[in-house]
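Throughout, protein chains are lettered first and strands after them, A, B, ... in sequence-line order, and every chain is numbered starting at 1. In what follows, every heavy atom counts, from backbone to side chain, and hydrogens, waters and symmetry copies are set aside.
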There are 2 protein chains.
Amino acid sequence: MSATQEEIRRQLIDRIQSGEWSLGSLIPAEADLAREYGCARATMNRALQGLANDGLVVRKRKGGTRISLRPVRHAKVAIPIIRDQVEAMGETYSHHLVALTSKTAPLPIRTRLQLTKSVHALWVETVHKANGQPFALERRWLNQDAVPEINSAPLDDISINEWLVQTVPFSDGDVTFTATKLDASLAKTLGAATGDASFTIERTTWIEQHVITTMTLHYRPGYALKTAL
Amino acid sequence: MSATQEEIRRQLIDRIQSGEWSLGSLIPAEADLAREYGCARATMNRALQGLANDGLVVRKRKGGTRISLRPVRHAKVAIPIIRDQVEAMGETYSHHLVALTSKTAPLPIRTRLQLTKSVHALWVETVHKANGQPFALERRWLNQDAVPEINSAPLDDISINEWLVQTVPFSDGDVTFTATKLDASLAKTLGAATGDASFTIERTTWIEQHVITTMTLHYRPGYALKTAL
DNA sequence: TAGTGGTCTAGACCACTCA
DNA sequence: GAGTGGTCTAGACCACTAT
């Protein structure tokens, strides 16, 4: 008698993939399945919740559990610290602080940072390097009101990317992935050709409705973000 | 007395964000925390497993639970059917089958598809449109041995994208995101300018170690993939 | 070897929602 | 109203690993 939810889950997936349960069909109630597999209902519940979490089934109280009609798959993408990313490739990380000034932020940035009192924000531009070659360019606006400690941070020693992770970890945020055509200035900074395509991440970070920073990260041409389904 | 793991989880996150538990520090054993919060150990276990799943803490048997030293955030990216993606923008979906031929696959593709018997594979090129305008170009190699039903699929009516989701749902796969510089031919197909940057997804799909298909999806310039942290 | 998390059980009550 | 999933409890045993 198998009692592990992992094993049960695999068997349930088999029954779905084999077509025994077709798309959109209703499968037995978890109490019945628990009896069938000889496990406690809580165990079957964990197995089924796992499937629901992976998008394979849809569960509703009283409605029962159905095989997803349109299984939407999710890719879990890790957003690592850039130093770790470089070192994971077996290369040596370094970074170069290009700009660090407090200046007037353009209106859209002020809005995004929820700046009310001041129109100033901290502008930081950093080149991240792998084996001395440009790897990614980070351009960031930072809300100094939200993170006053920034003014005494040693940003020559530690990149602002790492500093933020250590200082305000566990923040919430949203992320946008795009492809950008490099203009002459960006291309030069990244050691690439003007017009090359750069994989780009935009990210805004907040902690309890308080926006901390918004940034754009341009990776050097050829960069690929890999993940599993 | 709060008894819900959701509430407990929020309180634990507060204690982390407030700095009461600093990065890398050990927090009490789940039995102790359960006593402190007046809940069963199973409940505290679910709360802590949730935090571990989000990368906020690291748990080890006997080693206890620690606040993550390098919290690696994960973005959960939905990989929808393109029809749904277009319709979610409030636009009308259509598609156009550009090519559909069985032909000799280049060696790297044969390797990726694990083709041994035959050197032939099905090549399918589809333009997905939103309100009649090109939205994305899908180029796909398909292992006919793995999915023989494809030969009788009505690919004029239904895009191969949708057909596969309905026929071999719940497959495993890997995904790569890149930025591509459009050549003249791609640009023309997408109604864009040569040299524009296209957000690109590469995806290989298999079911139980049996590779089914590998495809490249070029989105029109300006496309952005959004998600939450 | 002892302490920690991982997981299963059996039972209970609740929340939702379909008919 | 009744059937389903959601979740909590209390207890148990096990697996891993730091010491």
**OP:** Answer yes or no: does a side-chain N or O of B/R59 lie under 4.0 Å from OP1 or OP2 of C/dG6?
**Re:** yes
Original post:
For the atom pair CZ (B/R73) and CZ (A/F170), what is the distance rounded to the nearest 0.5 Å?
Top reply: 8.0 Å
Original post:
Between C/dG6, C/dA10, D/dT9, which one does the side chain of B/R61 approach most closely?
Top reply: C/dG6
Original post:
Considering only C/dC18, C/dG5, D/dG5, which nucleotide approaches the side chain of B/T65 most closely?
Top reply: C/dG5
Original post:
If you round to the nearest 0.5 Å, how far is CG of A/L122 from CG of A/N143?
Top reply: 10.0 Å
**OP:** For B/K62 and C/dG5, give me the distance from atom NZ to atom C1', rounded to whole Å.
**Re:** 12 Å
Subject >> Proximal nucleotide (of D/dG5, C/dT7, D/dA18) relative to the A/A29 side chain >> reply: D/dG5
Original post:
Going by an N to O cut-off under 4.0 Å, is there a salt bridge joining A/E36 and A/R15?
Top reply: yes
**OP:** Considering just the side-chain nitrogens and oxygens of B/N45, establish if one lies under 4.0 Å of OP1 or OP2 belonging to C/dG6.
**Re:** yes
Original post:
In whole angstrom, what separates A/Q5's CD from D/dT7's C1'?
Top reply: 16 Å
Original post:
Out of D/dG6, C/dG6, C/dT9, which nucleotide sits closest to the side chain of B/Q49?
Top reply: C/dG6
Subject >> Strand DNA chain C in bracket notation, Watson-Crick/G-U under 3.5 Å with | for pairs to another chain >> reply: ||||||||||||||||||.
Original post:
Just how far, in rounded Å, is P of C/dG5 from CG of B/L51?
Top reply: 13 Å
Original post:
Once you round it to whole Å, what is the distance between C1' of D/dA15 and CD of B/E30?
Top reply: 14 Å
Original post:
Is any side-chain nitrogen or oxygen of B/R46 closer than 4.0 Å to OP1 or OP2 of D/dC8?
Top reply: yes
Subject >> Note: A/E30-A/R35 ion pair, threshold 4.0 Å (strictly below) >> reply: no
Original post:
Are any of B/T43's side-chain N or O atoms less than 4.0 Å away from OP1 or OP2 of D/dT9?
Top reply: yes
Original post:
Is there a donor-acceptor pair under 3.5 Å between the side chain of A/T167 and the backbone N or O of A/L164?
Top reply: no
Subject >> Any donor-acceptor N or O pair under 3.5 Å, side chains B/Q85, B/Y223 >> reply: yes
